[in-house]
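What follows is a short report on a single structure.
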Protein chains: 2
Amino acid sequence: MDIARVFCETFNIAETDAQKFNSKFVHESLPKNSYFLRTGERCSKFSFIASGLVRVFAETEKKEVTQWIGNAGYFLTDVSSFLFQQPARWNICALSETTLWTLSYDDYIHFEKDLPEWNMLEKRFVAKCFAMMESRIFDFISLSAEERYAQYFKLFPHHFNQVPLQYIASVLGMSPETLSRIRAR
Amino acid sequence: MDIARVFCETFNIAETDAQKFNSKFVHESLPKNSYFLRTGERCSKFSFIASGLVRVFAETEKKEVTQWIGNAGYFLTDVSSFLFQQPARWNICALSETTLWTLSYDDYIHFEKDLPEWNMLEKRFVAKCFAMMESRIFDFISLSAEERYAQYFKLFPHHFNQVPLQYIASVLGMSPETLSRIRAR
DNA sequence: CCTTCCGCTTGACAAAAATCAAGAAAATTT
DNA sequence: AAATTTTCTTGATTTTTGTCAAGCGGAAGG
C-alpha cells in the first residue's frame, strides 16, 4: 500500500508532492486485541490503516460505548489528543490483526515546521472528518433506527461478518437486541 | 466586539498577531427571518456572531431538520461549502436581529496565500468544530433523551426563552411533544 | 381592539425500543 | 474433540417515544 497515493486522493494534491510524505510513515503491526491508544494517554500517532479493523470506544459508568469502527483505507488517530496533545478521550483497540502506516508526533511537528503546505493538507483532512461527523449527526436527528442501519450497511457492508454486532449496535446508538431484530427483517 | 480578541482566545495566539485579521472582517447586519445561506448555494462567508441567534437547518422529504442553533460568540459558516466551495447543505436563517463580523471568501483566499500561519489557525478552528461534533455524537449514542436535554440546557440555557422549542427538539433528535413532556418534569 | 396565526401543552393511543431472561450458535481454549 | 466462553437471537414485558387531535395563550397584524 502506497501512502503517497492515498495522500493524493485524500488531500487532492499531485503525486510528486505526496511522495515527500511517504518516507516518514513507518509500517507498524497491531496484533488482535492490542491497544493503539488508551483513554487518558496523549495520542502520539497519526496512522493510516493498511489492513485490519479497529474499534474506537470509551467507558462510561453504565456501559462501554463504541464511537467508530475503522477499516483499511481510513486514517486513525484521536484528532483532539493528537493535534492539541491533550489526554485522549478514546480507547482504540484492534478487532483483528491490523497493519498501519504511522507518522510519529515528532515527525509530524517537523512537517508542520518545514512544509508550508502541510497545514493546508491537515486542514483538509480535519475538514473531511468534520463533514463525516456532521452527516452522522444529521442521520441521528433525521432518520429512524432502521434507516440508520440501512445507511450503515450501505457504507460498511464488510463490517457485518467481521465485527461483533454489539459494537455496531453501539455505533448506531441502539441496543444489540434492537439491531438483531432489525436485521431479522 | 473585537475580532482580534476572539481570535486570540479561539486559536490561542498573541493579540498582536490577531490584530492582522481584524481589518478584513466587516460588520454585517442580518434582519430577523433573513437568510445567511440557502441550501445549494456556495457559502462565501466566514462570520463571527456578535449578537443574535441563527438557525442552521435542512429540508428532507418528510420534515425540516434543525442541525444547530448559533448564538453570539460562535463562528458561522457552512464549513464544507466554504472550504471546498461546494453547494451548501444547510439553510441558515436569523431567528432574531443578528449582527455579524464577516470575512469574504476573496479575502479569505488572500489570507491563505499571504499569511503562513493562517492554515494552522484554520486547522485549529476546524479541529475544534470536529471535537464539538464528536461530543455530540457521543451524547447521542451514550445518553437518554432526558440526559441529552439536561446537557443542552447546561450548555445553552439562554436558548430556552429565545428559540422556539420545536427547533431545540429537532437539534436533540426528538419530537416537540417529547421535549415538552421532559421539560414538564 | 379584535382576529388570526403560531407555538406550546396535554391526553389518548400506537409504535418503537430497552430490558430481562433463556437458550442457541459460534468462536476460542484446553 | 470437548469444554468454555462469547456472541447472537428470541420471547415476554416495561418503558420510552412518536403520532394525532384538541385546546390554550401569547404575539403579530389588520
Side-chain angles (χ1 to χ4, degrees), chain A residues 31-34 52-55 57 59-66 69 93-98 137 139-153 156-185, chain B residues 31-34 52-55 57 59-66 69 93-97 137-153 156-185:
Chain A
K32 182 170 180 175
N33 294 326
S34 68
L53 286 161
V54 298
R55 181 167 76 97
F57 68 101
E59 315 261 6
T60 71
E61 317 80 57
K62 297 169 199 165
K63 51 186 175 179
E64 199 186 85
V65 175
T66 299
I69 308 290
C93 182
L95 283 167
S96 63
E97 173 77 22
T98 297
I137 288 175
D139 289 349
F140 270 111
I141 61 187
S142 66
L143 302 180
S144 69
E146 194 157 351
E147 290 168 323
R148 252 161 27 223
Y149 163 77
Q151 181 84 9
Y152 193 93
F153 188 82
F156 308 109
H158 50 288
H159 284 188
F160 287 86
N161 23 3
Q162 293 168 70
V163 178
L165 292 176
Q166 51 180 320
Y167 299 146
I168 296 176
S170 182
V171 170
L172 292 172
M174 62 181 77
S175 70
E177 293 93 335
T178 297
L179 178 59
S180 176
R181 289 189 175 102
I182 286 174
R183 277 166 59 76
R185 301 173 207 162
Chain B
K32 182 170 181 175
N33 295 325
S34 68
L53 286 161
V54 299
R55 182 166 76 98
F57 68 101
E59 315 262 4
T60 72
E61 316 80 58
K62 297 169 199 164
K63 51 185 175 179
E64 196 186 85
V65 175
T66 300
I69 308 290
C93 183
L95 283 168
S96 62
E97 172 77 21
I137 288 174
F138 188 72
D139 288 350
F140 270 111
I141 62 187
S142 67
L143 302 180
S144 68
E146 193 158 352
E147 290 168 323
R148 248 158 36 222
Y149 162 76
Q151 180 84 10
Y152 192 94
F153 188 82
F156 307 109
H158 49 289
H159 284 189
F160 288 85
N161 23 4
Q162 293 168 70
V163 179
L165 291 176
Q166 51 179 319
Y167 299 146
I168 296 176
S170 183
V171 171
L172 292 171
M174 61 182 78
S175 68
E177 292 93 336
T178 298
L179 178 59
S180 175
R181 288 187 177 107
I182 286 174
R183 277 166 60 76
R185 302 173 205 161

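As a basis for the values below, the full set of heavy atoms in this structure was taken, side chains included, without hydrogen atoms, waters or symmetry mates. Each chain gets a letter, A, B and so on, in the order its sequence line appears, and its residues count up from 1.
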Worksheet item: Which class fits the ring pair B/F160 and B/Y152: parallel under 30°, tilted 30 to 60°, perpendicular over 60°?
Response: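 Perpendicular.
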Discussion item. In terms of relative ring orientation, are B/H158 and B/F156 parallel, tilted or perpendicular, with 30° and 60° separating the classes?
Written reply: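 Plane angle over 60°, so perpendicular.
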Practice prompt. Side chain of B/S180 only, please: which of C/dG7, C/dT10, C/dA18 is the nearest?
Written response: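 Closest nucleotide to the B/S180 side chain: C/dT10.
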What integer distance in Å separates [X]:[atom1] from [N]:[atom2]?
X	N	atom1	atom2	value
B/E64	C/dG7	CD	P	10 Å
B/I182	C/dT10	CD1	P	14 Å
A/Q166	C/dA26	CD	P	17 Å
A/N161	C/dA27	CG	P	11 Å
A/R148	C/dA16	CZ	P	14 Å
A/Y149	C/dA16	OH	C1'	18 Å
B/Q162	C/dC8	CD	P	13 Å
B/M174	C/dA17	CE	P	15 Å

Worksheet item: Is the side chain of A/S170 donor-acceptor paired with the backbone N or O of A/T66 at a distance under 3.5 Å, no angle test?
Response: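 Yes, the answer is positive, given that a donor and an acceptor are paired below the 3.5 Å cut-off.
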Worksheet item: Between the main-chain N or O of B/L172 and the side-chain N or O of B/R148, is there a donor-acceptor pair closer than 3.5 Å?
Response: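 Pair found, side chain donor or acceptor close to backbone of B/L172.
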Item to complete: Would you indicate what A/R183 reaches in the nucleic acid, counting non-hydrogen atoms under 4.0 angstrom: base, sugar-phosphate, or nothing?
Response: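 Nothing, no heavy atom under 4.0 Å.
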Practice prompt. Answer with base, sugar-phosphate or nothing: what part of the nucleic acid does B/E146 contact at a heavy-atom distance below 4.0 Å?
Written response: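 Counting heavy atoms under 4.0 Å across all strands, no contact is made by B/E146.
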Worksheet item: When you match B/R181 and A/E177 each to their closest nucleotide on DNA chain C, which lands nearer the 5' end?
Response: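 Going by which nucleotide is closer to the 5' end, it is B/R181.
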Worksheet entry | Along DNA chain C (nearest heavy atom to each residue), the more 5'-positioned of B/P164 and A/S144 |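 Residue closer to the 5' terminus by nearest nucleotide: B/P164.
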Does [X] reach the side chain of [Y], with side-chain heavy atoms less than 4.5 Å apart?
X	Y	value
A/I137	B/I137	yes
B/H159	B/L53	yes
B/I168	B/F153	no

Discussion item. I want to check one thing: is the phosphate of C/dA18, taken as OP1 and OP2, less than 4.0 Å away from some side-chain N or O of A/T178?
Written reply: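 Indeed, a polar side-chain atom of A/T178 lies that close.
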Worksheet item: From the 5' end of DNA chain D to its 3' end, which nucleotides mark the outer limits of contact with chain B, defined by a 4.0 Å heavy-atom distance cut-off (strictly under)?
Response: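 Extent of the interface on DNA chain D: D/dT17 to D/dC20.
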